[in-house]
Number of protein chains: 2
Amino acid sequence: MKNRLKVARAEHNLSQADLADRIGVSRQTVNSIETARYVPSTVLALKLAQVFGKPVDQLFMLEETD
Amino acid sequence: MKNRLKVARAEHNLSQADLADRIGVSRQTVNSIETARYVPSTVLALKLAQVFGKPVDQLFMLEETD
DNA sequence: TCACAATGTCAAGTTGATTTTACATATATT
DNA sequence: AATATATGTAAAATCAACTTGACATTGTGA
C-alpha cells in the first residue's frame, strides 16, 4: 500500500510529531506508517483523512502486491 | 467506528463467506469486522471499498469514542 | 422432517501494529 | 561551537488483528 502522507503533511506544514499528537499516536508510529513499515488501522486512516480534509482513498492506495 | 458492510453486502447480494473470499480473509474476520469486534487494517478497508465500488469513508465512519 | 446455507461466536495460536526508550544524523538558529 | 528541531531507526514489550477449527442457531428448500 502506498501513501501520500509526506506530501499532505507538507501541505499542512505539520511535523511527524505534530501529526502524531493530532491523531493520538506516537511519533514513531506516524513515521512507520509514512515509510510504509506499518499498515495503519482503519480508525487511524480515518483520523488522518479528517486532519487533512481528504478522503482516505486519496491518502492511501492499494498496490498490486496487496 | 461504525460500518455499513451489512447493507453494502445486501446491495451486492454477497454472503460473508463470499466477501471473505473476495478480499482474501477468513469468514470469521468478515463477521468480526461487520459486528465491530475488530478494526480492520487500511488494506482491508481499501479492498472492501474496491469490491463495493464505494470510497472507504462511505463504508467506515468514526465515532466520538474513537 | 432433513439437509443446507448463512450467521454468530468462542478458544487457542501466530503475526503484526503500536508504545516506550533510546540513539544517530542532518539542518537550522544563536 | 552549542542548542534545538525534525527525522530515521532499533529493541523489547503489549495488545489487537487475523487464522483455523469447532459448535450453535436460524431460516429455507426438498
Side-chain angles (χ1 to χ4, degrees):
Chain A
M1 190 183 63
K2 287 178 297 186
N3 74 79
R4 296 192 176 142
L5 286 183
K6 194 170 181 173
V7 173
R9 230 172 19 80
E11 287 171 349
H12 288 255
N13 200 34
L14 289 174
S15 70
Q16 292 180 347
D18 289 335
L19 183 53
D21 280 349
R22 294 265 206 121
I23 64 175
V25 296
S26 70
R27 179 181 70 82
Q28 288 83 342
T29 294
V30 165
N31 183 71
S32 294
I33 294 170
E34 193 164 309
T35 58
R37 265 200 303 278
Y38 293 152
V39 172
S41 74
T42 300
V43 167
L44 284 193
L46 288 171
K47 286 184 180 178
L48 288 165
Q50 197 174 62
V51 166
F52 293 128
K54 289 185 183 189
V56 169
D57 310 69
Q58 282 179 31
L59 283 177
F60 296 97
M61 290 96 54
L62 287 178
E63 292 178 299
E64 301 75 18
T65 56
D66 287 324
Chain B
M1 191 183 61
K2 288 179 296 186
N3 75 80
R4 296 190 177 145
L5 286 184
K6 195 170 181 174
V7 173
R9 228 170 22 79
E11 287 172 350
H12 288 255
N13 200 34
L14 288 175
S15 70
Q16 292 181 346
D18 289 336
L19 183 53
D21 279 348
R22 295 265 205 122
I23 64 175
V25 296
S26 70
R27 179 182 70 82
Q28 288 86 339
T29 294
V30 165
N31 184 70
S32 294
I33 293 169
E34 192 165 308
T35 58
R37 265 200 303 276
Y38 291 153
V39 172
S41 74
T42 300
V43 166
L44 284 193
L46 288 171
K47 286 184 179 178
L48 288 165
Q50 198 174 60
V51 165
F52 293 128
K54 290 185 183 189
V56 168
D57 309 70
Q58 283 179 31
L59 283 177
F60 296 97
M61 290 96 55
L62 287 177
E63 292 178 299
E64 301 76 18
T65 56
D66 287 322

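We name chains A, B, ... by the order of the sequence lines, and we start the count at 1 in each one.
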Sole residue of A/K6, A/R27, A/R9 in salt bridge (charged side-chain N to carboxylate O under 4.0 Å, His left out) with A/E34: A/R9
Within the 4.0 Å limit for protein heavy atoms, which parts of nucleotides 19-30 of chain D are touched? Write it as a string from 5' to 3', B for base, S for sugar-phosphate only, - for none. BBBB--------
Inter-residue atom distance B/Q50.CD - A/D57.CG, 0.5 Å rounding: 10.0 Å
What I'd like to find out is whether the side chain of B/H12 reaches to under 4.5 Å of the side chain of B/R22, using heavy atoms alone. no
Taking the side chain as everything from C-beta on, heavy atoms only, tell me whether A/F52 gets closer than 4.5 Å to A/V7. no
5′-ward residue of the pair B/R37/A/N31 relative to DNA chain D: A/N31
What integer distance in Å separates B/I23:CD1 from D/dA17:P? 15 Å
Taking the side chain as every heavy atom from C-beta outward, state whether B/L5 and B/Q16 have any pair of such atoms under 4.5 Å apart. no
Rounded to whole Å, please give me the gap between CG in B/L48 and P in D/dC18. 10 Å
About how many Å separate CG of B/L48 and CD1 of B/I33, when rounded to the nearest 0.5 Å? 6.0 Å
Write down the distance between CD (A/E34) and C1' (D/dA6), rounded to a whole number of angstrom. 11 Å
Interatomic spacing from CG in A/L46 to CG in B/L59 - rounded to 0.5 Å: 10.5 Å
Flag side-chain contact, heavy atom, 4.5 Å: B/V51 against B/K47: no
Counting just side-chain N and O atoms, does B/S41 come under 4.0 Å of either OP1 or OP2 of D/dC18? yes
Tell me the interatomic distance from B/L19, atom CG, to C/dT7, atom P, rounded to whole angstroms. 10 Å
What pairs of nitrogen or oxygen atoms, one from the protein and one from nucleotides 2-6 of chain C, lie under 3.5 Å apart?
none

Take the protein atom CG of A/L5 and the nucleotide atom C1' of D/dA6, then report the distance between them rounded to whole Å. 16 Å
To the nearest 0.5 Å, tell me how far B/L44 CG sits from A/T42 OG1. 7.5 Å
Rounded distance (Å) that lies between atom P of D/dA16 and atom CD1 of B/I33: 16 Å
Atom-to-atom span, CG of B/D66 to P of D/dA16 - whole angstrom: 14 Å
